Amino acid sequence: MTAPSEQSQDAAVARIEEEAVRITQELIRIDSTNYGDGTGPGEREAAEYVVGLLREVGLEPTYLESEPGRASVVVRVEGSDRARPGLIIHGHLDVVPADAADWSVDPFSGEIRDGMIWGRGAVDMKDMDGMILANLRHLARTGTKPPRDVVFAFFADEEAGSTLGAHWVATHHPELFEGCTEAISEVGGYSITLPERGTGRPVRAYLLQTAEKGFAWIRIRAAGRAGHGSVPNDENAIVRLARAIDRIDAHEWPAEYVASVRTLFDSITELTGVERDDANIEAFLPLLGGARQFVSGTLRDSANLTMLTAGYKNNVIPGSAEAAIDCRFLPGHQDLMLETIRELAGEHVELIVDQLGIPLDAPRSGPFVDAMREAILAEDPGAHLLPYCLSAGTDNKALKRLGIDGYGFAPLQLPADLDFAPLFHGIDERVPVEGVKFGARVLRRLIETC
Ligand SMILES: [Zn+2]
């Protein structure tokens with residue numbers, strides 16, 4: 001016979017799981033598309049829904065709008081030892097656009113099909129929002145105190161560089177994060193499945209994001225001699241721009257394995273017995289399964305051309321021409337990368353930096369990393385927690401400005417054959433129901449032991 005306390009524990013966990021799934025679905029049904037140009041619906045409706053869920057259990061969250069409709073929500077739960085530094089658990093409320101014509105289901109339906117929750121935001125990151133909210137409601141309902149203060153935050157505008165979300169809140173309301181030293185959010189904590197050394201038996205590893213690349217969103221602008229389209233012109237701005245683009249695109253950025261990447265690769269070799277050949281790293285990467293795309297972007301700096309603007313009439317040579325480049329650099333590479341682009345662009349081409357995002361590199365060991373590992377192992381004994389570097393950026397960049405070390409830890413247990421990374425911003429974005437329930441349980445354990 002089960003003791004009553006165990007029974008009520010089980011009931012509490014079942015309720016957290018059920019709420020995590022339901023809240024994920026309900027958040028997906030609220031369109032919070034961020035087009036990046038201020039034309040979207042904003043996060044107000046999603047944020048008001050979050051506030052409603054929190055008020056229902058007696059919490060009084062802080063509701064903030066950086067601009068009309070661009071809403072973030074923050075609430076602090078006091079810990080039993082208030083002298084200890086606090087932890088921030090955060091998610092973003094916006095999503096990238098989804099074109100319904102491309103999808104198998106309505107991207108804002110949140111429906112469950114084949115054991116998955118489908119819809120925009122299912123993995124990025126309304127699933128984590130759902131897990132966080134379910135756990136936060138549990139804390140409030142039961143009066144449970146985490147061992148230290150935990151600040152829960154739901155931000156606007158992550159998908160457009162966080163300017164109106166995490167950066168705005170960190171700048172205008174840093175007091176909300178007073179005393180906090182660590183944070184968790186996307187993109188990490190999900191599982192990959194590896195063949196175990198010797199036996200070939202499947203073994204799960206959860207990837208903890210300890211580092212992320214920085215970004216520089218830049219433009220290169222070529223200047224030339226404007227003139228009539230019938231007159232020979234050897235100072236054509238479009239030609240100068242095209243040559244600069246060609247040189248930048250042809251540049252081979254040297255491979256360099258930063259510490260988080262090296263540790264990941266070495267751990268995988270240790271677990272699987274598969275030795276990597278740095279001259280043929282492409283043969284090693286498939287071991288990473290669903291994380292392959294994220295990891296393949298962290299082996300070197302990269303510069304992708306994304307926009308082009310030049311000219312206005314076929315018989316007029318314009319005086320300038322412009323291209324946008326999305327530059328992503330490893331920790332420590334910012335100056336070198338911009339200098340290299342400047343050199344490759346050549347004379348007559350000016351470089352304009354529109355937005356910079358710092359790279360992150362958090363400690364890969366210590367008590368908090370141990371707590372995350374223990375929380376995973378309690379739910380998946382025999383699994384491993386491995387560090388990795390993310391090629392993209394997250395809201396943790398904004399919190400780092402306040403001295404807070406951010407980790408990607410949105411726990412999900414995934415089927416071995418799920419190609420996870422392409423679901424982010426992808427068509428038919430979806431997340432396993434059981435994965436969300438697992439993540440909610442891991443988060444509960446982490447909050448109790450952090
Ligand atoms: Zn995201």
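The model shown is predicted, which means the values in this text are computed figures rather than measured ones. Sequence positions, counted from 1, serve as the residue numbers for this chain. No hydrogens, no waters, no symmetry mates; every other heavy atom, side chains included, goes into these values. Both ligands and their constituent atoms are indexed starting at 1 by order of listing.
Aromatic pair Phe294/Phe424: centroids less than 6.0 angstrom apart. Aromatic pair Tyr388/Phe265: centroids not less than 6.0 angstrom apart.
The distance from the Zn ion (ligand 1) to the nearest N/O/S atom of Asp124 is under 2.8 Å.
When you scan the N, O or S atoms of His92 for the one nearest the Zn ion (ligand 1), you land on NE2. The nearest N/O/S atom of Glu186 to the Zn ion (ligand 1) is OE1.
Checked by atom type and distance alone, the side chain of Arg441 never pairs as donor or acceptor with a backbone atom of Glu379 at under 3.5 Å. Remark: side-chain polar atoms of Arg219 are not paired, donor with acceptor, to backbone N or O of Ile325 under 3.5 angstrom.
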